[in-house]
Amino acid sequence: GHGEPSQGALQQAMSSLDVLYDVENVDLSTPGNLQGYGAIAMVAPTDTIPPEHFDVLDEYLASGGKLFIAFNKVRGNFSTVRGESVYTGLAKWLTNKGLSVENSFAIDANCGTVGVQQRAGRMNFTTQISFPYLPRIKEFADHPITSGLEEVMLQFASPVNFIGDTTLSFTPLLKTSEKSGTQTPPVFFDINKKWGDNDFPLSGLTIGGVLSGNIVGNNKSTLILITDGDFAVNGEGKRPKQLNEDNVNLFVNSIEWLSD
């Protein structure tokens with residue numbers, strides 16, 4: 001109901017989850033009892049989420065619910081070669097839960113590449129260039145969710161900081177490398193930029209983690225947050241992109257751990 005991708009757009013993740021679980025769509029605008037679900041996942045919303053839908057999620061957490069959220073605070077547009085902020089209301093809602101998602105791009109010297117079309121005489125060719133807005137995550141917590149993971153490829157993620165009180169605990173799951181930084185949107189993607197150490201003055205930025213405790217009310221609940229909404233999305237249509245295997249494992253492990 002908020003522009004999220006369909007189940008078919010999460011092809012690899014769904015094929016794994018369907019083996020052991022019944023996966024259903026949940027419409028937060030339709031009154032119903034969410035307590036029957038082992039876990040609820042909200043993936044890559046693009047539209048503003050109305051307050052009454054957050055009330056439904058609050059009720060679910062207050063009953064001891066288990067929630068997985070992967071969303072974008074920022075996004076990149078390769079057509080316009082620009083990066084911008086995204087407003088869904090989730091960041092504000094999460095702040096009240098003790099998680100502050102920065103309005104910035106996490107950049108990492110350890111990153112993926114993008115193909116750039118170039119021309120030499122009459123020849124056109126594609127060159128792969130490093131693109132720090134696509135962090136390659138190799139720093140993981142010692143946790144069942146990340147056990148066995150070697151590398152997760154993210155795109156346009158944001159740092160998250162724990163600002164909650166002692167009734168809550170937060171475990172960082174994913175961190176950037178020791179050469180990291182941030183950029184505040186709007187951002188122009190300069191493919192010819194020569195990146196240096198001065199661009200990466202930070203280290204170990206948290207971009208995913210587990211929040212547990214009395215998040216809402218007096219019952220213990222759990223919330224997993226990944227600040228890249230698209231990390232497990234193959235895409236719609238007949239030519240979905242093939243995802244890095246550990247991206248899928250991260251999503252599936254999260255749901256399995258939440259669902260016990």
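Residues take their numbers from the sequence shown, with the count starting at 1. Keep in mind that this is a model prediction, so the values were computed, not measured.
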Please report, to 0.1 Å, the donor-acceptor pairs under 3.5 Å made by any side chain of residues 78-86, with sequence neighbours excluded.
from, atom 1, to, atom 2, distance (Å)
Glu84, OE2, Arg75, NE, 2.8
Glu84, OE2, Arg75, NH2, 3.2
Ser85, OG, Asn103, OD1, 2.7
Ser85, OG, Asn103, ND2, 3.3

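- Residue Asp22 holds its CG atom at 10.0 Å from OH of Tyr37, rounded to the nearest 0.5 Å.
- For the pair Asp197/Lys179, a side-chain contact is recorded, criterion being any heavy-atom separation below 4.5 Å from C-beta on.
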Practice problem: Assess whether side-chain contact (heavy atoms from CB on, under 4.5 Å) is satisfied between Asp228 and Asn72, documenting all intermediate values. | Solution: CA-CA 5 Å; Asp228 170 13; Asn72 300 312; 3.6 Å; yes
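- For Glu236, the CD atom is densely surrounded, since the number of other residues' heavy atoms within 6.0 Å is greater than 12.
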Under 3.5 Å donor-acceptor pairs involving side-chain atoms of residues 145-154, not counting sequence neighbours:
from, atom 1, to, atom 2, distance (Å)
Thr146, OG1, Ala141, O, 2.7
Thr146, OG1, His143, O, 3.4
Glu151, OE1, Arg136, NE, 3.3
Glu151, OE1, Arg136, NH2, 2.9

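- Here side chain to side chain donor-acceptor pair (under 3.5 Å) pairs that include residues 40-56, with residues two or more places apart or in two chains, are His2-His53.
- Between Phe231 and Phe71, the ring center distance fails the sub-6.0 Å criterion.
- In terms of the salt bridge (charged side-chain N to carboxylate O under 4.0 Å, His left out) criterion, Asp190 has no residue partners (sequence neighbours excluded).
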Anything under 3.5 Å between a donor and an acceptor, one on a side chain of residues 208-223, the other on a protein residue two or more places apart or in another chain? List them.
from, atom 1, to, atom 2, distance (Å)
Ser212, OG, Ser169, OG, 2.9
Asn219, ND2, Ala62, O, 2.9

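- Judged purely by distance below 3.5 Å, without hydrogens or angles, the side chains of Thr113 and Gln128 pair a donor atom with an acceptor atom.
- Judged by distance alone, the side chains of Asn161 and Ser100 never bring a donor and an acceptor atom under 3.5 Å apart.
- For Asp260, the salt bridge (charged side-chain N to carboxylate O under 4.0 Å, His left out) partners are Lys66, not counting sequence neighbours.
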